[in-house]
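Since the structure comes first, as structure tokens, the remarks are kept for the end.
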2 protein chains.
Amino acid sequence: MKKYIEILKRTQLFSGVSDTEISAMLNCLQAKLLTFQKGDYIFREGERIDNITVLVKGKLLVQHDDFWGNRNIVNVIRIGEMFGEAYVAPESGSLLNDVIAEEDSAVIFFDVRRILTVCSTACRFHSMVIQNLFFAISEKNRKLVQKIGHMSKRSTRAKLLSYLSEEAKRQNSSHFTIPFTRQQLADFLCVDRSAMSNELCKMRDEGLLQFAKNQFILL
Amino acid sequence: MKKYIEILKRTQLFSGVSDTEISAMLNCLQAKLLTFQKGDYIFREGERIDNITVLVKGKLLVQHDDFWGNRNIVNVIRIGEMFGEAYVAPESGSLLNDVIAEEDSAVIFFDVRRILTVCSTACRFHSMVIQNLFFAISEKNRKLVQKIGHMSKRSTRAKLLSYLSEEAKRQNSSHFTIPFTRQQLADFLCVDRSAMSNELCKMRDEGLLQFAKNQFILL
DNA sequence: ACTCCTTTGTTGTAAAAACAACCGACTTGT
DNA sequence: ACAAGTCGGTTGTTTTTACAACAAAGGAGT
């Protein structure tokens with residue numbers, strides 16, 4: 001676990017907490033490290049969990065398959081990001097999504113109740129971690145709202161422009177890369193891939209944008 | 001403010017905190033009560049805020065109008081519910097939505113940083129409020145995920161069935177009421193009202209469900 | 001009771017998306 | 001080098017949705 005402290009130090013959860021304090025808290029919080037191979041399920045829809053997790057290696061997809069097999073990518077989890085914090089609550093019910101390793105991955109599990117209960121022993125930085133946790137889930141909340149913002153657009157074109165312009169804004173440049181393949185982007189926006197591909201090319205032909213693979217330029 | 005303590009006591013935020021403790025915390029947290037008339041804006045898209053709010057009277061709509069005037073109801077806030085907790089974070093940027101009073105309403109404003117910073121003075125229940133706050137935002141997070149679940153369905157019919165069946169499950173009965181008018185439901189699901197109305201009637205004619213106003217029965 | 005306004009349902013048309021099938025370019029593994 | 005698989009783009013058809021316009025029912029206020 002120690003080799004991941006450098007990564008943990010740069011996560012939202014441990015932002016502002018020193019190496020030695022993190023090390024101490026890993027014990028205090030009874031953290032556990034588990035590894036997964038590409039394609040493995042970290043969590044399955046319907047499961048109940050008591051942990052929040054931090055990804056320290058690899059890449060995870062949070063996704064949902066409906067009755068008819070349509071796959072919806074709810075989120076992508078990259079190194080240093082968290083998952084599960086929304087599901088550990090009294091009567092929270094069960095997980096709404098699958099979490100799958102898109103690459104070989106390593107995940108650290110924390111008992112949330114231990115995090116939220118300020119321990120009587122020394123953990124000086126415990127309350128800072130609580131604040132970090134709050135800000136993190138708060139941010140995830142905003143991301144969901146933004147995704148809804150994209151999805152709420154009525155046409156595929158409007159969905160694409162909503163997503164792409166926001167991504168450009170986020171990366172602070174009209175030239176930017178997206179973290180999706182075409183199929184994943186279509187899943188993220190909940191539209192048909194071929195129709196979306198078609199629409200992208202139309203917009204390119206109309207001079208609205210340029211792209212190659214996952215690199216885009218808004219004009 | 002005191003007349004609303006009974007309401008505050010039953011909110012998620014103050015769950016498990018006694019009247020007298022709430023009263024003390026209202027001072028400690030420097031809470032402020034503001035009233036609004038039907039149609040008033042509590043917050044506007046683009047604003048930056050330092051407060052979380054609890055609705056103690058009336059009803060609020062969290063909504064988003066796009067470029068072309070399509071209105072999307074992101075959420076309905078009822079008495080005892082909270083708003084704003086997702087937007088008070090370092091570098092959180094500005095509000096993504098408007099918050100509007102659907103009825104004459106009263107709202108209590110709390111400074112979040114005061115909540116998250118455990119005060120040196122006595123507030124015994126402060127840490128319980130922190131936990132409550134966490135669970136609350138966690139739950140809001142899940143609701144957003146559920147909404148995305150409905151919206152991700154490709155057809156209007158599938159969106160309706162997804163929403164209605166969940167609502168039936170939530171109210172634990174095949175006979176249930178929804179908190180929306182048709183237009184609001186259409187906005188919530190991001191579809192055209194008339195097309196949705198049409199689809200509802202088709203489903204009724206096919207014997208899938210029955211409805212009158214906002215009362216529904218799934219068959 | 002009357003008017004105004006909101007809500008809901010209905011219909012037809014035009015536009016858009018889903019769907020299916022296919023191709024070519026690239027990767028990956030053997 | 002070859003085969004199998006993935007990825008992105010293209011096209012044509014079918015289905016669905018949005019849109020517009022209108023009618024009927026119900027409520028609120030005068």
Side-chain angles (χ1 to χ4, degrees), chain A residues 37-39 59 61 66-73 100 102-104 150-164 177-206 208-216, chain B residues 38-39 59 61 66-73 102-104 150-164 177-206 208-216:
Chain A
Q37 295 191 314
K38 178 178 178 176
K59 189 177 179 185
L61 293 181
D66 69 17
F67 249 33
W68 304 274
N70 290 313
R71 176 156 299 170
N72 177 29
I73 297 186
I100 297 176
E102 204 193 27
E103 307 167 0
D104 290 356
H150 305 319
M151 288 178 66
S152 70
K153 301 292 186 293
R154 296 297 172 81
S155 69
T156 299
R157 171 172 298 211
K159 288 184 174 81
L160 281 167
L161 287 175
S162 175
Y163 171 73
L164 293 174
T177 61
I178 64 172
F180 295 126
T181 67
R182 291 289 182 281
Q183 183 63 59
Q184 290 173 337
L185 178 57
D187 289 341
F188 179 75
L189 297 176
C190 298
V191 296
D192 179 74
R193 180 196 62 78
S194 70
M196 186 192 77
S197 204
N198 199 284
E199 198 63 37
L200 273 174
C201 292
K202 273 190 208 165
M203 289 196 282
R204 181 193 55 199
D205 296 344
E206 291 174 23
L208 280 171
L209 49 77
Q210 293 173 10
F211 58 87
K213 294 246 180 192
N214 61 344
Q215 302 214 335
F216 286 77
Chain B
K38 178 177 179 177
K59 189 176 180 187
L61 293 182
D66 68 17
F67 250 31
W68 303 275
N70 289 312
R71 176 155 299 172
N72 177 30
I73 297 185
E102 205 193 27
E103 306 167 359
D104 290 355
H150 306 319
M151 287 178 65
S152 71
K153 300 294 187 290
R154 297 297 173 83
S155 69
T156 298
R157 171 172 297 211
K159 288 183 173 82
L160 280 167
L161 287 175
S162 174
Y163 171 73
L164 293 173
T177 61
I178 64 173
F180 295 125
T181 68
R182 292 288 182 281
Q183 182 63 59
Q184 289 173 337
L185 178 57
D187 289 340
F188 180 74
L189 297 176
C190 297
V191 296
D192 179 76
R193 180 198 60 79
S194 69
M196 187 194 76
S197 204
N198 198 283
E199 198 63 37
L200 273 174
C201 293
K202 275 191 207 164
M203 290 196 282
R204 181 193 55 198
D205 296 343
E206 290 174 24
L208 279 170
L209 49 77
Q210 292 173 12
F211 58 87
K213 294 243 178 194
N214 62 342
Q215 302 213 335
F216 286 77

Would you mind reading off the distance between [X] atom [atom1] and [N] atom [atom2], rounded to a whole angstrom?
| X | N | atom1 | atom2 | value |
| --- | --- | --- | --- | --- |
| B:Arg182 | D:dG26 | CZ | C1' | 14 Å |
| B:Asn214 | C:dT8 | CG | P | 8 Å |
| A:Arg193 | C:dC19 | CZ | P | 13 Å |
| B:Glu102 | C:dT6 | CD | C1' | 13 Å |

Notebook entry, point to check: Which part of the nucleic acid, if any, lies within reach of B:Ser197 when heavy atoms closer than 4.0 Å are counted: base, sugar-phosphate only, or nothing?
Noted result: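 The answer is base, as B:Ser197 lies within the cut-off (heavy atoms under 4.0 Å) of a base atom.
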Item checked: Which nucleotide in D:dT17, C:dA18, C:dA16 has an atom nearest any side-chain atom of B:Arg154 ->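 Shortest atom-to-atom distance from the side chain points to C:dA18.
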Checklist line | B:Met196 or A:Ser194, whichever maps to the more 5' nucleotide of DNA chain D | finding: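 Residue closer to the 5' terminus by nearest nucleotide: A:Ser194.
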Next item on the list: Give me the bend of the helix from C:dA1-D:dT30 to C:dT30-D:dA1, using the axes of the five pairs at each end, rounded to 10°.
Entry: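 Roughly 60° between the end axes, to the nearest 10°.
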Notebook entry, point to check: Does the pair A:Leu61 and A:Gln184 meet the rule for a side chain to side chain contact (heavy atoms under 4.5 Å, CB included), with working shown?
Noted result: CA-CA 10 Å; A:Leu61 293 181; A:Gln184 290 173 337; 4.1 Å; yes
Notebook entry, point to check: Which is it for B:Leu189 and B:Thr156 under the side chain to side chain contact (heavy atoms under 4.5 Å, CB included) test, yes or no, and what are the steps along the way?
Noted result: CA-CA 8 Å; B:Leu189 297 176; B:Thr156 298; over 6 Å; no
Next item on the list: For D:dT17, take OP1 and OP2 only and decide whether either is under 4.0 Å from a side-chain N or O of B:Thr156.
Entry: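 So the side chain of B:Thr156 is within the cut-off, an N or O lying under 4.0 Å from OP1 or OP2 of D:dT17.
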Note to self: If the threshold is 4.0 Å, N to carboxylate O, is there a salt bridge linking B:Arg157 and B:Glu199?
What the structure shows: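 So B:Arg157 pairs with B:Glu199 through a salt bridge.
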Check: Quick one: does B:Arg204 reach the base of C:dG9 with a side-chain donor-acceptor pair under 3.5 Å?
Finding: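 Flag unset: no donor-acceptor pair detected.
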Next item on the list: Report the residues that fulfil ring pair (Phe, Tyr, Trp, His ring centres under 6.0 Å) with A:Phe180, sequence neighbours left out, ordered by chain and then residue number.
Entry: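 If we apply the ring pair (Phe, Tyr, Trp, His ring centres under 6.0 Å) test to A:Phe180, skipping adjacent residues, the hits are A:Phe188.
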